[in-house]
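So the structure is just underneath, and the comments pick up after that.
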Protein chains: 2
Amino acid sequence: MGTAAGERTARRDTYTPQTLLEVAVRVFNERGYDGTSMEHLSRAAGISKSSIYHHVRGKEELLRRAVSHALDGLFGVLEEPAAREGRAVDRLAHVIRRTTEVLMERLPHVTLLLRVRGNTETERWALERRRKFDQRVAELLRQAVADGTLRPGADPRLATRLLFGMINSLVEWYRPHPEGPRVAPEIVEGVLTTALAGLGLPGGAPPAR
Amino acid sequence: MGTAAGERTARRDTYTPQTLLEVAVRVFNERGYDGTSMEHLSRAAGISKSSIYHHVRGKEELLRRAVSHALDGLFGVLEEPAAREGRAVDRLAHVIRRTTEVLMERLPHVTLLLRVRGNTETERWALERRRKFDQRVAELLRQAVADGTLRPGADPRLATRLLFGMINSLVEWYRPHPEGPRVAPEIVEGVLTTALAGLGLPGGAPPAR
DNA sequence: CCTTGCCCCGACCGATCGTTCGGTTGCACC
DNA sequence: GGTGCAACCGAACGATCGGTCGGGGCAAGG
């Protein structure tokens with residue numbers, strides 16, 4: 001659609017829904033979704049309030065696009081082969097590692113997802129999808145405990161929640177180096193090691209990547 | 001002031017700043033602070049919007065009272081004797097346990113504290129106080145590592161953040177039984193065990209209360 | 001040249017925001 | 001029985017909310 005025949009969309013000094021979303025997500029995270037007005041967004045984007053409506057239907061669509069991006073990344077992890085085949089504990093380790101990476105790659109979007117309260121239909125839909133993801137990981141942990149590989153100090157239900165709490169807390173403090181990779185491998189490994197230790201993995205260190 | 005001579009303030013069918021605060025904190029947590037209007041509060045409290053201003057100066061005072069209550073509880077833990085004397089690892093264990101308990105006792109207030117974004121002066125003040133508390137606990141962990149008691153898989157800075165992430169995540173899912181104690185001892189123990197295991201405490205189980 | 005369509009704008013909409021104001025009611029106290 | 005004050009109310013304040021509208025500028029295509 002548009003711009004037929006060959007490359008022409010080279011320079012980019014105008015907004016697209018994508019680039020506008022990046023600005024919006026940044027402001028949403030700074031001020032909170034409810035605390036952000038369209039006026040705030042327009043100032044941050046450098047265009048007028050009404051111009052925003054040329055690119056997106058409204059404020060809520062920006063939120064929907066953002067949390068969708070986060071959720072797509074998380075569910076994508078569960079589709080990876082290493083998350084579907086092998087010992088439960090290895091699959092769990094893979095999911096922990098990759099979830100941490102996705103959380104770093106899509107940090108602002110996941111941050112927004114984790115702060116959703118359920119005030120609108122969009123937010124409730126996001127909460128529901130997130131709940132389903134949590135259940136999938138909880139099932140993995142349950143299997144790893146059932147086959148005797150993991151022996152958490154607490155019951156699996158509690159352990160799952162603490163595990164997610166630990167991983168998700170990254171959005172509260174992790175900030176990638178401005179001129180560097182978005183994913184910090186040493187932090188990913190630290191999370192994985194701490195998580196598995198807390199879950200009672202005998203032998204300590206997890207298998208290397 | 002007021003109601004001189006003897007007991008008379010028996011029945012309580014009218015609001016005080018305290019009782020109004022409880023209603024407000026509940027609604028703030030359901031809808032988010034920015035997502036809650038004074039109209040919402042007035043409906044939840046069963047009095048008119050303008051009546052609220054008879055008891056408190058405004059919306060922001062309600063937030064300030066709430067997060068203050070949370071912060072007072074947290075800093076109170078650091079003042080307890082068991083948090084000031086003994087081996088660093090024992091003091092850390094005490095702080096983890098008591099912090100978890102305070103978080104449960106004052107769940108709605110702490111929840112509000114953890115969601116503050118920094119949009120107003122009150123919020124920035126709360127963020128600053130919270131940061132100081134985190135630093136105090138980080139110092140405890142640092143000492144426990146320095147004297148060789150703890151050997152976390154990750155560096156102490158990261159470990160502290162993951163530890164707080166785990167504990168603080170309780171506000172996302174813990175709900176006390178309606179007719180029961182606000183604090184669930186088995187969850188406190190689960191948190192403590194998982195935390196110390198994740199921090200690399202040799203020997204597994206923590207000392208009994 | 002003129003048309004087309006993208007990108008943007010200022011002005012404005014009704015609704016809602018947090019807050020203020022001028023009361024009314026009813027109980028305690030003298 | 002009059003006074004005072006705590007607790008409450010409806011109405012309205014200016015500001016700001018998310019969103020709409022009609023049109024301007026301007027590069028591309030004919």
Side-chain angles (χ1 to χ4, degrees), chain A residues 1-25 27-28 30-66 117 119-123, chain B residues 1-25 27-28 30-66 117 119-123:
Chain A
M1 44 202 80
T3 66
E7 3 280 60
R8 204 141 356 88
T9 24
R11 86 226 163 284
R12 174 83 283 147
D13 55 357
T14 189
Y15 278 111
T16 66
Q18 309 292 340
T19 58
L20 188 59
L21 178 62
E22 285 183 41
V23 175
V25 167
V27 182
F28 284 161
E30 284 168 6
R31 315 185 68 98
Y33 176 71
D34 285 321
T36 302
S37 73
M38 296 302 275
E39 186 70 32
H40 289 138
L41 290 186
S42 82
R43 269 199 286 266
I47 62 177
S48 78
K49 206 172 51 147
S50 50
S51 295
I52 294 176
Y53 290 85
H54 178 73
H55 301 287
V56 295
R57 293 173 94 80
K59 193 184 176 186
E60 199 168 345
E61 178 176 325
L62 288 167
L63 179 65
R64 187 174 48 75
R65 283 173 182 263
R117 298 302 305 135
N119 289 342
T120 67
E121 197 49 52
T122 299
E123 298 188 27
Chain B
M1 44 202 84
T3 64
E7 4 278 60
R8 205 135 1 84
T9 23
R11 87 225 160 284
R12 171 86 283 144
D13 55 355
T14 188
Y15 279 111
T16 67
Q18 309 292 342
T19 58
L20 188 59
L21 179 62
E22 286 184 40
V23 176
V25 166
V27 183
F28 284 161
E30 286 169 5
R31 318 185 64 100
Y33 177 72
D34 284 320
T36 302
S37 71
M38 295 303 274
E39 184 71 33
H40 290 137
L41 290 186
S42 81
R43 268 200 287 265
I47 63 177
S48 79
K49 212 168 44 146
S50 51
S51 295
I52 295 176
Y53 290 85
H54 177 73
H55 301 287
V56 294
R57 292 172 97 73
K59 193 184 175 187
E60 199 168 346
E61 177 175 325
L62 288 167
L63 179 65
R64 185 174 51 74
R65 283 173 181 263
R117 302 298 307 133
N119 289 343
T120 67
E121 196 51 51
T122 299
E123 298 189 28

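Numbers restart at 1 for each chain; the letters A, B, ... are given by sequence-line order, proteins then strands.
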Polar pairs (N or O, both sides) under 3.5 Å between protein and nucleotides 20-24 of chain D?
none

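Toward the 5′ end of DNA chain C lies the nearest nucleotide of Ile47(A), the other residue of the pair Thr36(B) and Ile47(A) mapping further downstream.
Taking atom NE2 of His54(A) as the reference point, atom P of dG25(D) lies 17 Å away to the nearest angstrom. Between the CE atom of Met38(B) and the P atom of dG10(D) there is a distance of 16 Å, rounded to whole Å. Whole-Å rounding puts the Asn119(B) CG to dC17(C) C1' distance at 15 Å. The distance from atom CZ of Arg31(A) to atom C1' of dC17(D) is 14 Å, rounded to the nearest whole Å. Nucleotide dG18(D) holds its P atom 15 Å from the CD atom of Glu61(A), rounded to whole Å.
Among pairs with a residue in residues 30-43 of chain B, those fulfilling salt bridge (charged side-chain N to carboxylate O under 4.0 Å, His left out) read Arg26(B)-Glu30(B), Glu39(B)-Arg43(B), at least two apart in sequence or across chains.
The side chain of Thr14(B) has dA7(D) as its nearest neighbour among dA7(D), dG18(C), dC9(D). The side chain of Lys59(A) lies closest to dG19(D) when the candidates are dG19(D), dG10(D), dC8(C). Checking dC17(C), dA7(D), dC17(D) against the side-chain heavy atoms of Ser37(B) singles out dC17(C) as nearest.
Taking the centre and axis of the six-membered ring of Tyr33(A), the NZ or CZ atom of Lys59(A) falls inside the cone set by 45° and 6.0 Å.
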